[in-house]
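Taking it in order: structure first as structure tokens, then the write-up.
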2 protein chains.
Amino acid sequence: MCYKTNYICNKFYYSMISGKFAITVHILTLLNKFPNDYLSSEFIAGSMNLNPVLVRKEIANLKAHHIVESKEGKNGGTKLAVNASNLSLKEIFEMTFESIGLGFAKNQPNPDCPVGKKINQNLEALYSEMNKNVSAQLENISLEDFSNQF
Amino acid sequence: MCYKTNYICNKFYYSMISGKFAITVHILTLLNKFPNDYLSSEFIAGSMNLNPVLVRKEIANLKAHHIVESKEGKNGGTKLAVNASNLSLKEIFEMTFESIGLGFAKNQPNPDCPVGKKINQNLEALYSEMNKNVSAQLENISLEDFSNQF
DNA sequence: AAAACTGTAACATTTTTTATTACTAATTAA
DNA sequence: TTAATTAGTAATAAAAAATGTTACAGTTTT
């Protein structure tokens with residue numbers, strides 16, 4: 001299919017899905033369980049009790065990262081395009097979150113307060129360390145490993 | 001003050017504040033910068049450009065954990081009740097989040113699907129490891145350390 | 001007694017997330 | 001070659017979560 005419209009950036013047209021990582025891992029686990037089939041978004045959605053459109057949105061993200069390929073039309077669907085042993089949870093994490101962290105206060109802090117002026121910068125540094133830490137952990141787990149738990 | 005009403009559980013009466021950790025760290029850093037003063041919620045809110053009521057809600061949480069003490073009435077406010085060197089970011093983390101993680105899909109997955117049946121359990125195990133990891137990191141940083149960066 | 005606080009309830013608003021509907025385009029199989 | 005089925009995506013609606021506001025009771029100091 002080929003829409004003319006520019007699909008500039010997820011940020012503008014799509015909202016973020018906060019269960020994104022979980023949903024994406026679920027999708028990939030299923031695809032890995034049926035490596036020779038094209039699974040439909042409807043089938044996948046049935047396993048997670050989720051609207052098929054949301055599944056397709058996550059699949060669009062996976063396609064953009066060349067992790068899956070899909071086929072339109074009757075008997076179409078999606079299948080893994082990579083070897084599950086070579087795909088780590090870290091990569092999935094990075095495709096679905098920018099980073100972990102413990103959040104920021106919503107409003108701009110007071111720049112005239114020595115604490116307010118630097119709080120976000122200091123939190124960012126802290127969260128950046130957390131990310132390194134978590135990334136190192138997730139890097140050691142492949143989709144294949146995860147999938148074998150089922 | 002002493003309201004009669006039962007303040008059973010934050011979960012029911014208060015909404016969760018997702019910037020909770022950031023806000024709490026901000027509050028504690030300020031308190032640590034003025035260890036001899038009772039700071040008012042209005043003053044603190046001014047540093048973070050936040051509604052004073054939200055500050056008081058977080059302070060209520062800190063009080064419940066005996067981290068701060070506060071004084072009502074004129075010239076009242078809040079001050080640290082512990083030594084900043086003995087309070088780690090891990091403890092603050094645990095007072096404001098139950099845990100980190102990368103989320104779950106909102107709906108109950110399909111229990112008739114082998115993947116759906118176990119996905120949440122497997123994600124939980126994964127997130128639990130992440131928590132150990134992050135906790136170990138945060139345990140090594142005291143409020144004093146963090147505060148010294150300002 | 002007045003002023004300045006905290007504590008907390010109740011409710012309003014805003015923001016984010018999730019779900020739905022509808023339609024275009026592609027592919028397959030009868 | 002047409003009907004059925006599927007992906008892609010827009011637009012919008014609904015639900016949930018987070019944040020903000022107002023109001024006022026109770027406390028303490030001056």
Side-chain angles (χ1 to χ4, degrees), chain A residues 1-23 27 37-46 48-64 68-79 96 103-108, chain B residues 1-23 27 37-45 48-64 68-79 96-97 103-108:
Chain A
M1 115 177 304
C2 57
Y3 271 71
K4 303 299 174 306
T5 39
N6 238 343
Y7 215 50
I8 303 176
C9 166
N10 286 340
K11 304 262 163 52
F12 298 136
Y13 296 94
Y14 287 156
S15 61
M16 151 86 162
I17 295 176
S18 87
K20 228 169 145 67
F21 176 82
I23 291 169
I27 292 170
D37 299 325
Y38 283 89
L39 304 185
S40 75
S41 62
E42 185 114 8
F43 175 82
I44 295 171
M48 44 213 310
N49 191 15
L50 195 70
N51 193 293
V53 175
L54 297 181
V55 172
R56 300 206 278 265
K57 283 181 181 176
E58 292 317 311
I59 283 173
N61 185 36
L62 288 167
K63 282 187 67 174
V68 303
E69 59 191 55
S70 47
K71 215 170 60 174
E72 293 183 47
K74 193 169 177 185
N75 298 336
T78 302
K79 75 195 261 301
T96 53
F104 296 92
K106 186 188 154 212
N107 299 330
Q108 201 64 38
Chain B
M1 113 177 309
C2 55
Y3 271 71
K4 301 301 175 304
T5 38
N6 238 345
Y7 214 52
I8 302 175
C9 166
N10 287 340
K11 302 263 161 50
F12 298 136
Y13 295 95
Y14 287 158
S15 61
M16 152 90 163
I17 296 177
S18 85
K20 231 170 141 64
F21 176 82
I23 292 169
I27 293 170
D37 299 325
Y38 283 90
L39 303 185
S40 75
S41 62
E42 183 115 9
F43 174 81
I44 295 172
M48 44 211 311
N49 190 16
L50 195 72
N51 193 293
V53 174
L54 297 180
V55 171
R56 289 185 221 142
K57 283 180 181 176
E58 292 317 310
I59 283 173
N61 185 36
L62 287 167
K63 281 185 66 174
V68 302
E69 57 189 60
S70 46
K71 214 169 63 174
E72 293 184 46
K74 190 168 179 184
N75 297 336
T78 302
K79 77 197 261 299
T96 53
F97 270 73
F104 297 92
K106 183 190 154 210
N107 300 329
Q108 202 65 35

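Treat the numbers as computed from the prediction; the structure is a model and nothing was measured. To find a chain, count down the sequence lines: A is the first, B the second, and so on, and within it residues start at 1.
When the C1' atom of C:dT6 is taken as reference, atom CD of B:Glu69 falls 14 Å away, rounded to whole Å. For A:Lys79 and D:dA7, the NZ to P distance is 15 Å, given to the nearest whole Å. If you measure from atom CG of A:Asn51 to atom P of D:dA7, you get 13 Å, rounded to the nearest angstrom. Atom P of nucleotide C:dA12 and atom CG of B:Leu54 are separated by 17 Å, given to the nearest angstrom. The distance from atom CG of B:Asn61 to atom P of C:dT8 is 12 Å, rounded to the nearest whole Å. Atom CE of A:Met48 is separated from atom P of C:dA19 by 10 Å (rounded to the nearest Å). Between the CZ atom of B:Phe104 and the C1' atom of D:dA17 there is a distance of 18 Å, given to the nearest Å. Rounded to whole Å, the distance from CG on B:Asp37 to P on C:dA4 is 18 Å.
Listed pair A:Ser70 / D:dG8 meets the phosphate criterion, a side-chain N or O lying under 4.0 Å from OP1 or OP2. For D:dA7, one of the phosphate oxygens OP1 or OP2 lies less than 4.0 angstrom from a side-chain nitrogen or oxygen of A:Ser41. One finds a side-chain N or O of A:Lys63 lying less than 4.0 angstrom from the OP1 or OP2 phosphate oxygen of D:dG8.
Both B:Asn49 and A:Ile59 lie close to DNA chain D; mapped to their nearest nucleotides by heavy-atom distance, the more 5′-ward contact belongs to A:Ile59. Both B:Leu39 and B:Asn107 lie close to DNA chain C; mapped to their nearest nucleotides by heavy-atom distance, the more 5′-ward contact belongs to B:Leu39.
In this structure, of D:dA23, C:dA19, C:dC5, it is C:dC5 that holds the atom nearest to the side chain of B:Ser40. Side-chain proximity of A:Arg56 to the nucleotides D:dT9, C:dT18, C:dT8 is greatest for D:dT9.
Applying the side chain to side chain donor-acceptor pair (under 3.5 Å) rule to B:Glu42 yields no partners; only residues at least two apart in sequence or on another chain are considered. With sequence neighbours left out, the side chain to side chain donor-acceptor pair (under 3.5 Å) criterion links A:Ser70 to A:Lys63. B:Ser41 meets the side chain to side chain donor-acceptor pair (under 3.5 Å) test with B:Arg56; sequence neighbours excluded. Partners of A:Asp37 according to the side-chain contact (heavy atoms from CB on, under 4.5 Å) rule, which considers only residues two or more places apart in sequence or in another chain, are A:Phe34, A:Leu39. For B:Lys71, the side-chain contact (heavy atoms from CB on, under 4.5 Å) partners two or more places apart in sequence, or in a different chain, are B:Tyr38.
Atom-to-atom distance recorded for B:Ile59:CD1 and B:Ile27:CD1 is 5.0 Å, nearest 0.5 angstrom. The CD1 atom of B:Ile44 lies 11.5 Å from the CD atom of B:Glu58; values are rounded to the nearest 0.5 Å.
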Polar atoms only, N or O, under 3.5 Å: list the protein pairs with nucleotides 28-30 of chain D and their distances.
unit_1 : atom_1 : unit_2  : atom_2 : d
D:dT28 : O2     : B:Lys74 : N      : 3.0

